[in-house]
S.K.: 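The structure under discussion is supplied below as structure tokens; questions concerning it will follow.
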Amino acid sequence: MPYYFNTVTRESRWDPPSGKDVTTHDSSSEKVRVSHLLIKHNESRRPSSWKQDNILRSKQEAIEIAKTLQKQIQSGIATLPELASSESDCPSAKRQGDMGYFGRGQMLPAFESTAFNLSVGQLSDPVSTDSGIHLILRTA
Ligand SMILES: Cn1nc(-c2ccccc2)cc1C(=O)N[C@H](Cc1nc2ccccc2[nH]1)C(=O)O
């Protein structure tokens, strides 16, 4: 539900103002694109993946792995797409972790809020969802 905010008078209104100098920001249509890497653990909603039929590592171990991979990306030793391809427990590993474009309401809440708060090109810290521990790179 778009609303209108007059940046000069600082008034907001629901009904559209007249005039030519109006830009609307309907946040419900906003989309982002990310690539991610998922390290699952024994508390994951589905503790299985293309890499491992039965994932036994603990949540703490998964967090440590994600932190190590984060350091490798931040130091330029590897890129997220490279590491997603070999290390991610999500099927998107086959697409170098690319999740494509998505809007609000489509992904698990912590994943969505992190993705929408990243700048393009920015890598998240480890993010925990019901699926496991993610590293998220915003690509668009
Ligand atoms: C939402 N989604 N899209 C794909 C996907 C995308 C592109 C290519 C192939 C698979 C996989 C999934 C998915 O939920 N996978 C889950 C793991 C997972 N959980 C997620 C939560 C948020 C974002 C990505 C996530 N991936 C699983 O395999 O247990």
Side-chain angles (χ1 to χ4, degrees):
M1 178 71 175
Y3 72 93
Y4 301 88
F5 180 72
N6 184 317
T7 54
V8 174
T9 65
R10 317 220 33 91
E11 289 168 339
S12 57
R13 53 194 289 178
W14 290 111
D15 54 308
S18 58
K20 62 194 182 312
D21 54 344
V22 173
T23 55
T24 55
H25 299 278
D26 178 359
S27 60
S28 63
S29 60
E30 191 185 359
K31 295 210 182 305
V32 295
R33 185 175 187 175
V34 306
S35 292
H36 87 123
L37 176 161
L38 172 65
I39 306 297
K40 288 190 174 183
H41 49 75
N42 57 21
E43 297 173 50
S44 290
R45 182 170 49 182
R46 191 173 72 88
S48 171
S49 75
W50 64 274
K51 278 180 71 71
Q52 201 172 356
D53 286 345
N54 188 17
I55 294 172
L56 300 171
R57 66 172 73 92
S58 68
K59 181 173 181 178
Q60 191 52 45
E61 283 172 287
I63 291 169
E64 291 311 312
I65 292 167
K67 283 179 178 174
T68 300
L69 298 178
Q70 178 188 14
K71 289 191 183 83
Q72 290 181 8
I73 296 166
Q74 287 172 334
S75 61
I77 292 174
T79 67
L80 185 128
E82 287 167 355
L83 292 175
S85 302
S86 60
E87 306 307 316
S88 180
D89 284 312
C90 176
S92 57
K94 303 306 170 209
R95 292 179 18 177
Q96 295 76 49
D98 180 28
M99 293 300 293
Y101 286 93
F102 57 90
R104 292 189 183 276
Q106 290 181 247
M107 295 292 179
L108 292 175
F111 189 93
E112 172 191 301
S113 58
T114 301
F116 276 84
N117 285 320
L118 290 171
S119 306
V120 174
Q122 189 182 359
L123 178 71
S124 75
D125 287 329
V127 174
S128 181
T129 72
D130 284 350
S131 290
I133 308 301
H134 307 252
L135 290 179
I136 304 169
L137 173 70
R138 180 160 174 200
T139 54

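One-based numbering, in listed order, for ligands and for the atoms of each. Note that the structure is predicted; figures quoted are calculated from it, not measured.
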S.K.: When you measure from the side chain of Arg138 to the backbone of Ala140, do you find a donor-acceptor pair of N or O atoms at a distance under 3.5 Å?
M.R.: yes
S.K.: Given side chains that start at C-beta, do those of Lys40 and Gln52 come closer than 4.5 Å, heavy atoms only?
M.R.: no
S.K.: Is the side chain of Ser88 donor-acceptor paired with the backbone N or O of Ser85 at a distance under 3.5 Å, no angle test?
M.R.: no
S.K.: Go through the steps for Val32 and Leu118 under the test side chain to side chain contact (heavy atoms under 4.5 Å, CB included), then give the verdict.
M.R.: CA-CA 9 Å; Val32 295; Leu118 290 171; over 6 Å; no
S.K.: Please tabulate, one line per pair, the protein nitrogen or oxygen atoms found under 3.5 angstrom from a nitrogen or oxygen of ligand 1, with distances to 0.1 Å, or say none if there are no such pairs.
M.R.:
from     : atom 1 : to     : atom 2 : distance (Å)
ligand 1 : 19 (N) : Ser131 : OG     : 2.8
ligand 1 : 28 (O) : Arg46  : NH2    : 2.7
ligand 1 : 29 (O) : Lys40  : NZ     : 2.7
ligand 1 : 29 (O) : Arg46  : NE     : 3.1
ligand 1 : 29 (O) : Arg46  : NH2    : 3.3

S.K.: Quick one: salt bridge (charged side-chain N to carboxylate O under 4.0 Å, His left out) partners of Arg57, sequence neighbours excluded?
M.R.: Asp89
S.K.: Parallel under 30°, tilted from 30 to 60°, perpendicular over 60°: which one fits the rings of Phe102 and Phe116?
M.R.: perpendicular
